[in-house]
Number of protein chains: 2
Amino acid sequence: MTAHKQQMEQQAKRPLRADTERTVQTILEAAERVLAADPAATMGQLAQAAGVARTTVHRRFATREALLDELTGWAARQFADAVDSARPDAAPPLVALYQVTANVLRVKTDWSFAMNRTADDAHPEAARIHAEVRATCIRLFSRSQEAGVLRPDIDLDWTRRVYYALIHEAAKEGAGGGDTDSLATRVVDTLLRGAGAPAGLAGQTGI
Amino acid sequence: MTAHKQQMEQQAKRPLRADTERTVQTILEAAERVLAADPAATMGQLAQAAGVARTTVHRRFATREALLDELTGWAARQFADAVDSARPDAAPPLVALYQVTANVLRVKTDWSFAMNRTADDAHPEAARIHAEVRATCIRLFSRSQEAGVLRPDIDLDWTRRVYYALIHEAAKEGAGGGDTDSLATRVVDTLLRGAGAPAGLAGQTGI
DNA sequence: CATACTTGCATCACGTGTGTTGCATGTCTT
DNA sequence: AAGACATGCAACACACGTGATGCAAGTATG
């Protein structure tokens, strides 16, 4: 499916010169790296970072938009894989929550630009994938409620957005090769317990 | 102080033609409005939104950068005012926390672009203000810990970043003129309690 | 070795945004 | 009414990024 995948497979099965599709991958990786630092980077900068000429980039991607779309599509797929591989619909809620968090953190630190890119209506596939992941997340939260892990009175969508924000924040911290597992633990812990002291303690003189 | 403020006061005290500084304000407000929707908006679009000619904008702001700096400085000041007016160093922690949240949410919904703009090293004043607010926030959290509102074992800076993220998320929701007070309540509640059920309940079969 | 293919390089056209300038017009002050 | 000042408008030069093209050189395939 998806024009992109077809293109890649077609190139892959053709026993041609050598590394045409490897060039594509190199360009995309370099683009992600550079764009993460400067979202307004020019095609020339992306090409230089990839170690190829600017014209070569244009040979692979007709327009700059096409390159960006390719990136977002790729990131979206990695995102979905990270979530799905944590068995969010099968594993016990807390386990799944932790596993999903850790997996997503791993990919998000490496694809910060492409993943934060709002897939708008420009890239319908990425939009669909993100919507699907969102639904999976809500299902997981719903299961968590039933299991007594999450409070029954919370707004699931608000909780999901908070969850995303926490992951985003943790990913920023772990950009420099941090410990993904401890970050995931912190994210889940913060999501579940917050930062407040358990109610009914001594110092509760605040209000 | 700050070149900017001097300029404004100078213009204000001069009983000149009429609304020169009002024009400046109009332009900045329009710029904020437009840039919030499209950060890459051109000077022409900003001018049109402000109801003036593009050349007039250039008469007030030498370069586009100057305009953006002005915006960020203005927003930073509003930000600091919103925090300070909540008496974060004097009021009881919980009260201050709620008040700060509500105040910041109010300004953030109206200055989403300028406030999210990282003041880098380009605008030293804005950077200083943000650093100051950050310190105030940490102090408030520290007081909250001593008062038993926040757990003693949490990372204050991580908590601050989570707090910022929650406000950011709530501001997105309230952009369309939402109820600031209820949003503030939700933010504080989420920050303190998180989304998890109190430990030691029945369904805690997650792990 | 000959062929097919890709790459790099230089170049060009094009569009767009920026910043400047000169001039005519309008408006407020004195 | 006269002067001072700000505005709108039109035009301009300039820089930059994009996308396309032609050509020479290198490399793998037959």
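These numbers come from a predicted model, not from an experiment.
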Got a salt bridge between [X] and [Y], using NZ or NE/NH1/NH2 to carboxylate O under 4.0 Å?
{"X": "A:Glu169", "Y": "A:Lys172", "answer": "yes"}
{"X": "A:Asp189", "Y": "B:Arg151", "answer": "yes"}
{"X": "B:Asp181", "Y": "B:Arg186", "answer": "no"}
{"X": "B:Arg128", "Y": "B:Glu125", "answer": "no"}

(request) To the nearest Å, give me how far apart CG (B:Leu67) and C1' (C:dG19) are. (result) 14 Å

(request) Test the A:Arg139-A:Phe141 pair against the cation-pi criterion, namely NZ or CZ under 6.0 angstrom from the six-membered ring centroid and within 45° of the ring axis. (result) no

(message) Can you tell me whether the side chain of B:Arg59 and the base of C:dG19 have a donor-acceptor pair closer than 3.5 Å?
(response) no

Give each protein N/O atom lying under 3.5 Å from an N/O atom of nucleotides 15-20 of chain D, with the pair distance.
from: D:dT18; atom 1: OP1; to: A:Arg64; atom 2: NH1; distance (Å): 3.2
from: D:dT18; atom 1: OP2; to: A:Met43; atom 2: N; distance (Å): 3.0
from: D:dG19; atom 1: OP2; to: A:Arg64; atom 2: N; distance (Å): 2.9
from: D:dG19; atom 1: N7; to: A:Arg54; atom 2: NH1; distance (Å): 3.1
from: D:dG19; atom 1: O6; to: A:Arg54; atom 2: NH2; distance (Å): 3.0

